[in-house]
Every structure is written in structure tokens, then in C-alpha cells.
There are 2 protein chains.
Amino acid sequence: MPRRENISMSVIRRLPRYYRFLTHLKQKGVTRISSTELSVKLGLTASQIRQDLNCFGGFGQQGYGYIVDQLCDEIGNILGLSNEYKAILIGAGNLGRAIASHMSFDDEGFRLVGIFDSSPSKTGTRINGQIVRDTVELEDFCQKEQPTMAVLCIPRDGVHTVIERLYNLGVRNYWNFSHYDIAMKYDDTVVENVHLNDSLMTLCYRISNPSQK
Amino acid sequence: MPRRENISMSVIRRLPRYYRFLTHLKQKGVTRISSTELSVKLGLTASQIRQDLNCFGGFGQQGYGYIVDQLCDEIGNILGLSNEYKAILIGAGNLGRAIASHMSFDDEGFRLVGIFDSSPSKTGTRINGQIVRDTVELEDFCQKEQPTMAVLCIPRDGVHTVIERLYNLGVRNYWNFSHYDIAMKYDDTVVENVHLNDSLMTLCYRISNPSQK
DNA sequence: TAGATTGTTAATCGATTAACAATC
DNA sequence: TAGATTGTTAATCGATTAACAATC
């Protein structure tokens, strides 16, 4: 029954939410949960939850439900959270500093191994104990450390050239916070965008148009 | 032809992207664009773009296309970006500080009027010229200033009580950065979630499962 | 065994794409 | 006028929901 190919993005984006909630249940000491209970707590339908989980295998037991601990671990495995992919962060401005701190205390599949900035006012300073390197060191560093992923916290205009350098260095997965949609010509890359401005504008729309739910 | 009710979230979430790209075109001095050109640049179909825009009215001209300047303004209006909704920010940690700076130099529909934190190490400090107030002042401040929206950059466990206080003060729109899904019992609220952890886990999945596009 | 709840197939709903007539 | 491109309807595709047989 477990397929595991061509899982839709809609399903994938719900997995972290399941994981987050199951972790919470685990901490509260809940051992067993049914799809119906889950659906109520998460505001989804029980059907959808079972449908989602069965993309990856049958983790439940008929007549009983799901074992919280086990399901949580399974989803963690599916997400690949036990990996420690090496990540670097480019751009140690306000947002970069926040993300760097965020990631180091709560690593989910990644380990931050380097922070870079091109401004002399930032290089040499420390974020959570890690030194901020000059971006000119990028080539040397990447050849040595071979990071898997780069967090991009730089202004729009800098993105293009940095991406090119990173791609050539073999760093081909990006967590992009810049106000810019990275359109990759290559298909061996993964880009996960976090467009805070877009989110804020969406909120503005929803406040301005209360007719919609 | 302009309807303007029950616009689907899928459409709404594409609007900021259109807006962002059109602003960029405007800056580059492009005056005219067709749905086909747009579709190529944005990686969508021309059909979808025309379909999306026609939820709000016919902004184009047959045989000609869209006037960049005009379309950009129209979308800005639809989003409500000329509003200056008063916003407050709760939680002046790393992320809170980053968002506060972010919002003040690039305001899209909002104006940050207050920053709050409950830790004595933070209160009294300044972020982008604005003082960080003690959260105990929340009631007085909100009664006086009547903010429309609250940015939540506090840890999970604090959210519940803060939301309750805010709701009772009439602050019912939230931009939520906490690792927590705000489930509102009331329907006069709007919650826009930014779950950075979820985004990171999704990225981890996509790196770990390269079979998928 | 009887009751409960899953896994899975079938039905519905909504969103995207295609097609084309209207019109600038 | 002829060419181009929109606005809009119709067709397709995918995702969500409902239903139920399998089974713990």
C-alpha cells in the first residue's frame, strides 16, 4: 500500500503540522489518537488525515487508531528530520540574525555551519557563538564543508549573483527570505520561499475585505 | 463583471506576487504587458492570470494587454495597501526585532505603533527608534491607540493568554509567528500564520525526497 | 464476538487550463 | 480593416470528502 512518489505539495505541507501537533500530544502524555479526534483538533476532516497518512503507509490499527509516539516518529522520518544537513546562512541583517538564532536552538533536519555577510560592520561579529564570515570566503568554505542548503537573507538585488556562486559550488537547495522569486533554470535545485511581505499583504487584504470568511 | 465576493484563498495568495512583480516592472520602466508575457515570467499560465484578475474586474484591453502602472495600482487597491492599519508587536526577541525593523522600513498597509515584551531585559530598549514597552501596559495602550492588528512573536505557551487579552481589547487580527495554530472560537478574527519551522521541515522533506519535482 | 476505526475506493467539489467569441 | 489579446464559458484535472468493506 505505501506508494511514496508524486505526493502532492498540499499533502507535504500538512505533514509538519501533523508532526508539530503529535509532538505536543506526546509531551502531554497522550498515547493514542483516532483520525476523528485529530481532525477536530486540527480543523481538518478525518478522511483527509487518513488519506494523507496512507500516502506513506498504514500507520494505524483498525478499531484502535494511531499510537501517538509511533506516528510522530514515522512522520519525522518521512520529513527526514533526523538528517543533519549542513546549512549556511547568507546575510546577517536583522532577519538573518533572527533566523540564525532560531535554527541553532531548534534544528529540524539541519545544522547551521556558517554565516556570511559582505558588510565589514557585520563580519567578525558573532551570532549565537558563531562568527560572521566575509562573503569572499564563500568559495573556500563551501569547497571544504560542502553544505547542502543555503538560507538567503539578503536584499533582492544580491540574490542573483549569490545564487550563481552557490549553484556552481554545489549548494543547490535554498531557503529564500528575499523579496524575489528564484526562478531556477536547473531542475536539480529546491527552493523554499518565505515571502513575509506577501504574507503581510494577504493579511491586509483579509482585513480590508471582511466579507470573506 | 467585477464580482468580488468569495474569492478563493488560492487567488488571494497570488495577488501579492503579481503586485511585487508589477512594481518591479514599473521600476524598470515597462509600461505594457500581456497575460502571456506575465505567465512566462511568473511560471503560471496566461489563463490563470486572466482568470485571477477578472475576479476583481476587467483591467486589460483586448488586443493590447495590461498597462503595468494601472494594473499595479489596481492590485494595490484590492490588497488595501494604502491603509495604515495600526499594528503592535508582541515579543521583542530575535525574530520580533527583525520583524519590527522589517515592517517599519517597508510598510505594506500597516504602521507599527507599539512594541511589547514582558522581560525586563528588553523593556526600555529601542528597536528602530521605538521603545519596547512592558506587556502590562497593553491594556492602557490599546484602549488609547486602538490598533487593528497584532504581530505575535512570542513562545508557544504565551500565545493563549495574550490572544485572550488582545481579543477583549478589540485587537482581532493577528500575524502569528509562534509555533502554534491559533484556533479561534470567534469568527470576527483573521489569523495569518507564518510557520517558519513548518517551512523548514517542508524543505527538509523535499531535499530528502528528490524523486518529487 | 461486537464495536470501533482504519485503509481504500467512489463521489463531489473546486481550481486550473483550454478554447473561443468579443473587441480594442 | 486585420491582428492581437482580453474576458468568459466550457472542459479537464486534482484535491477533498463521503462511504463502506476490511480488520483489529
Side-chain angles (χ1 to χ4, degrees), chain A residues 1-18 22 25 30-72 74-75 78 202 205 212-213, chain B residues 1-18 22 25 30-72 74-75 78 202 205 212-213:
Chain A
M1 303 109 198
R3 300 144 238 167
R4 226 230 209 258
E5 30 180 61
N6 270 37
I7 310 294
S8 83
M9 260 302 191
S10 322
V11 175
I12 296 168
R13 292 209 177 277
R14 278 191 293 270
L15 293 180
R17 189 133 174 261
Y18 295 149
L22 288 165
L25 285 180
V30 179
T31 55
R32 176 194 160 263
I33 195 155
S34 71
S35 57
T36 308
E37 286 176 86
L38 257 178
S39 72
V40 172
K41 308 268 194 179
L42 291 173
L44 305 171
T45 63
S47 250
Q48 184 166 60
I49 293 173
R50 293 204 298 275
Q51 199 72 279
D52 284 354
L53 296 178
N54 280 90
C55 290
F56 304 98
F59 303 132
Q61 234 173 304
Q62 272 110 327
Y64 180 81
Y66 301 87
I67 298 166
V68 172
D69 217 60
Q70 187 196 305
L71 186 58
C72 188
E74 292 282 8
I75 296 178
I78 292 164
T202 303
Y205 175 89
Q212 333 258 125
K213 195 221 79 75
Chain B
M1 302 106 198
R3 300 144 237 167
R4 224 230 209 262
E5 29 181 61
N6 271 37
I7 310 292
S8 82
M9 260 304 192
S10 322
V11 175
I12 296 167
R13 292 209 178 277
R14 277 190 294 268
L15 293 179
R17 188 132 174 262
Y18 295 149
L22 288 164
L25 286 180
V30 180
T31 56
R32 175 194 160 264
I33 195 156
S34 72
S35 57
T36 309
E37 287 176 86
L38 259 177
S39 72
V40 173
K41 308 266 193 179
L42 292 171
L44 304 170
T45 64
S47 248
Q48 184 166 59
I49 292 173
R50 294 204 298 275
Q51 199 71 281
D52 284 355
L53 296 178
N54 280 91
C55 290
F56 303 98
F59 303 132
Q61 236 173 304
Q62 273 109 331
Y64 180 81
Y66 300 88
I67 298 167
V68 172
D69 217 59
Q70 187 196 306
L71 186 58
C72 189
E74 292 282 8
I75 297 179
I78 293 163
T202 303
Y205 175 89
Q212 332 258 125
K213 193 219 83 72

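Chain letters run A, B, ... following the sequence lines, proteins first, then strands; residues in each count from 1.
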Secondary-structure notation, DNA chain C, from Watson-Crick and G-U pairs under 3.5 angstrom (| other strand): ..||||||||||||||||||||||
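A straight line from CG of A:Leu71 to P of C:dT6 spans 11 Å, rounded to a whole angstrom. Remark: P of C:dG14 and CG of B:Asn6 are 10 Å apart, rounded to the nearest angstrom. Rounding to whole angstrom units, CG of residue A:Asp52 and P of D:dT16 are separated by 7 Å. As rounded to whole Å, 11 Å separates atom P of C:dT5 from atom CD1 of A:Ile33. Between the CG atom of A:Leu53 and the P atom of C:dT6 there is a distance of 9 Å, given to the nearest Å. Atom CG of A:Asn54 and atom P of C:dT5 are 16 Å apart (whole Å). Straight-line distance from the CZ atom of B:Arg32 to the P atom of C:dC24: 16 Å, rounded to whole Å.
Listed by residue number, B:Gly60, B:Gln61, B:Gln62, B:Gly63, B:Tyr64, B:Gly65, B:Tyr66 are the residues of residues 60-70 of chain B with a heavy-atom contact under 4.0 Å to DNA chain D. Contacts with DNA chain C (heavy atom under 4.0 Å) in residues 34-50 of chain B: B:Thr45, B:Ser47, B:Gln48, B:Arg50, listed by number.
Between the SG atom in B:Cys55 and the CD1 atom in B:Ile12 there is a gap of 9.0 Å [rounded to 0.5 Å]. Of the inter-residue distances, the one linking A:Ile78 atom CD1 with A:Leu15 atom CG reads 6.0 Å to the nearest 0.5 angstrom. Between the CE atom of B:Met9 and the OH atom of A:Tyr205 there is a distance of 9.0 Å, given to the nearest 0.5 Å. Distance CG/A:Leu25 to CD1/A:Ile33: 4.5 Å, rounded to 0.5 Å.
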Could you give the side-chain donor-acceptor pairs of residues 56-69 of chain A under 3.5 Å, partners two or more places apart or in another chain?
none

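Among residue pairs with one or both ends in residues 44-56 of chain B, those qualifying as salt bridge (Lys or Arg N to Asp or Glu O under 4.0 Å) are B:Arg14-B:Asp52; sequence neighbours excluded. For residues 30-41 of chain B, the set of pairs meeting the salt bridge (Lys or Arg N to Asp or Glu O under 4.0 Å) definition, not counting sequence neighbours, is empty.
Across every non-hydrogen atom of B:Ile49 and B:Ser35, the tightest pair is CD1-O, 3.9 Å.
Residue B:Gln51 places no side-chain atom within donor-acceptor reach of the base of D:dT6, judged by atom type and a 3.5 Å distance cut-off alone.
At a threshold of 4.5 Å between non-hydrogen side-chain atoms, the residues A:Tyr18 and A:Leu42 count as touching. Side-chain contact between B:Ile75 and B:Leu53 is present, with at least one heavy-atom pair separated by less than 4.5 Å.
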